[in-house]
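I have placed the structure first, in the form of C-alpha cells, so that the comments after it can refer back to it.
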Amino acid sequence: MIPTRALGSTGLRVGVLGLGTVKLGRNEGVKYPLGFDLPSDEEAAALLAVARELGVNLIDTAPAYGSSEDRLGGLLSGMRDDWVIVTKAGETFEDGRSRFDFSPGAIRTSVERSLVRLRTDRVECVLLHSDGRDAWILEESGAIEALETLQQEGKVLSFGVSTKTPEGAMRALDTCGVVMATLNPAQTGDLGAIREAGRRGVGVLIKKVLASGHAADPGESLRFVLGERSVSSAVVGTINPDHLRKNTRMCAEANGS
Ligand SMILES: NC(=O)c1ccc[n+]([C@@H]2O[C@H](COP(=O)([O-])OP(=O)(O)OC[C@H]3O[C@@H](n4cnc5c(N)ncnc54)[C@H](OP(=O)(O)O)[C@@H]3O)[C@@H](O)[C@H]2O)c1
C-alpha cells in the first residue's frame, strides 16, 4: 500500500501517487511519445482494481479528456466512496479542438454535467482547467465565485486551479484550497508556489511528473517530486498496470527518503 498525505486543509487524505486518466478517454491532440488505443472496459476495470489494491485513491479526470469522465462513472459504480475524484471545468475538447469558457454559468453547467457523467452527487475537487490566462481566470472571470457557490451547495468539496504559470500558481493560493502545478526535474518554475502552498495549508497536486512520458528516469522524477513535502499527490497518467505497480513501488520508496 502506498503512503498517504493530507490534501492541504481539505480534511482528505490521498495516496502519494494519483491516477491521471487522459489516456482512458482521449487519444487525439495529446503530447505522449507514442500513439495508443483507448483501453477496453475490461482493461480499464482491471487498471482501477490494481490501483485500489495498491492504495491509490485519487483519480484525476476532466471534461476535456474525451470519454474519461463518462467511462469512470460506469467503472466506479458501487465503489464511488473509495475514491477522491478530481475533475476540472473551463475546457472542453470536441471535434479535435479545445474550447474555453470560464464564465460563472459555464462553470456551473460543466460541474453539473460532470456529476451526471461521473454518476455521483459530489466531487471532492474541481480545478479550473487554465488556458494560460491564470490571473484573469482567478480574479476576473467570476469562476472562483461560481465554485464557492457550488461548494456551499455541497456539490464540490474543494476547488482550485490547474495552472499554467508560476505567477498563477502563487496567486491561486489566495483563494483556493487546492492547486495543480507542474513539477519534474526539468520544469521547476512552480517550486516557489508549491512550497508556499505547504506553508498556507493548500493542497498540491502535481501534473506532468514524467514530462508526459518523456522523462528518462521515472524513478528520479518521482523522488524529485515527492521529496517536496508540500506535495500531496503526484498524479501520473498511465493505462499500463505494470507501470502503475512500478510507479507505486517507486513512490513508496521516494516518500520515505
Ligand atoms: N490540468 C492540466 O492542465 C493537465 C495537463 C496535463 C496533465 N494533467 C493530469 O496529469 C496527469 C498526468 O499528466 P500527463 O499524462 O500529461 O503526463 P505524465 O504523468 O507525466 O506521463 C504520462 C505518460 O507516462 C507514461 N508512463 C507512466 N508510468 C511510466 C513508467 N513507469 N515508465 C514509462 N512510462 C510511464 C504513460 O504511458 P503508459 O500509459 O504506457 O504508462 C504516459 O504516456 C494526466 O493524466 C492528467 O490527469 C493535467
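Model, not experiment: these values are computed from the prediction.
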Check [X] against [Y] and note the closest heavy-atom contact, atom names and distance.
X: A143; Y: L128; value: CB-CD1, 3.6 Å
X: V16; Y: L226; value: O-CD2, 3.8 Å
X: A181; Y: T163; value: CA-OG1, 4.2 Å
X: P218; Y: A216; value: CD-O, 3.8 Å
X: G213; Y: P33; value: O-CG, 3.5 Å
X: I107; Y: A89; value: CD1-CB, 4.0 Å

Considering only residues two or more places apart or on different chains, which pairs with a residue in residues 89-124 satisfy ring pair (Phe, Tyr, Trp, His ring centres under 6.0 Å)? none
What pairs of residues pass the ring pair (Phe, Tyr, Trp, His ring centres under 6.0 Å) test when at least one of them lies in residues 115-139, not counting sequence neighbours? Y65-H129
Mind running side chain to side chain contact (heavy atoms under 4.5 Å, CB included) on S130 and S162 for me, showing each step along the way? CA-CA 6 Å; S130 176; S162 176; 5.8 Å; no
Thinking salt bridges, do [X] and [Y] make one under a 4.0 Å N-O criterion?
X: E153; Y: R122; answer: no
X: R71; Y: D41; answer: yes
X: K207; Y: D60; answer: no
X: R133; Y: E140; answer: no
X: R99; Y: E91; answer: no
X: R200; Y: E196; answer: yes
X: R108; Y: E112; answer: yes

Quick check: does any side chain N or O of [X] sit under 3.5 Å from a backbone N or O of [Y], one acting as donor and the other as acceptor?
X: S110; Y: A106; answer: no
X: D217; Y: E220; answer: yes
X: S232; Y: G203; answer: no
X: D190; Y: T182; answer: yes

Can you confirm whether the side chains of [X] and [Y] place a donor and an acceptor under 3.5 Å from each other?
X: N57; Y: R52; result: no
X: S103; Y: D101; result: yes
X: T61; Y: E69; result: no
X: D134; Y: T165; result: yes

V116 and V126: same hydrophobic cluster, using ILVMFWY side-chain contacts below 4.5 Å? no
K246 atom NZ, over 12 foreign heavy atoms within 6.0 Å: no
Is there side-chain contact between [X] and [Y], with at least one heavy-atom pair below 4.5 Å?
X: L115; Y: D121; result: no
X: V225; Y: I206; result: yes
X: W83; Y: L72; result: no
X: T92; Y: S98; result: no
X: N255; Y: R229; result: yes

Nearest-0.5 Å distance that lies between atom [atom1] in [X] and atom [atom2] in [Y]:
X: L150; Y: L157; atom1: CG; atom2: CG; value: 11.5 Å
X: S230; Y: R5; atom1: OG; atom2: CZ; value: 9.0 Å
X: L38; Y: E43; atom1: CG; atom2: CD; value: 10.0 Å
X: L75; Y: L48; atom1: CG; atom2: CG; value: 5.5 Å
X: K155; Y: L147; atom1: NZ; atom2: CG; value: 12.5 Å
X: L76; Y: I59; atom1: CG; atom2: CD1; value: 5.5 Å

To which residues is M180 joined in a hydrophobic cluster, defined by side-chain heavy-atom contacts under 4.5 Å among Ile, Leu, Val, Met, Phe, Trp and Tyr, whether direct or through other members? L7, L12, V14, L58, V84, V86, L127, V178, L205, V235
State which residues pass side chain to side chain donor-acceptor pair (under 3.5 Å) with T120; sequence neighbours excluded, sorted by chain then number. R80
Step-by-step side chain to side chain contact (heavy atoms under 4.5 Å, CB included) determination, L138 to I144: CA-CA 6 Å; L138 277 158; I144 292 290; 4.0 Å; yes
Given the options L54, V209, T238, L244, L17 meets side chain to side chain contact (heavy atoms under 4.5 Å, CB included) only with L244
Applying side-chain hydrogen bond (donor to acceptor under 3.5 Å, both in side chains) as the test, list every pair that has at least one member in residues 21-32; sequence neighbours left out. T21-S68
Name all pairs fulfilling the side-chain hydrogen bond (donor to acceptor under 3.5 Å, both in side chains) condition that reach into residues 8-20, sequence neighbours left out, sorted by first residue then second. T4-R13
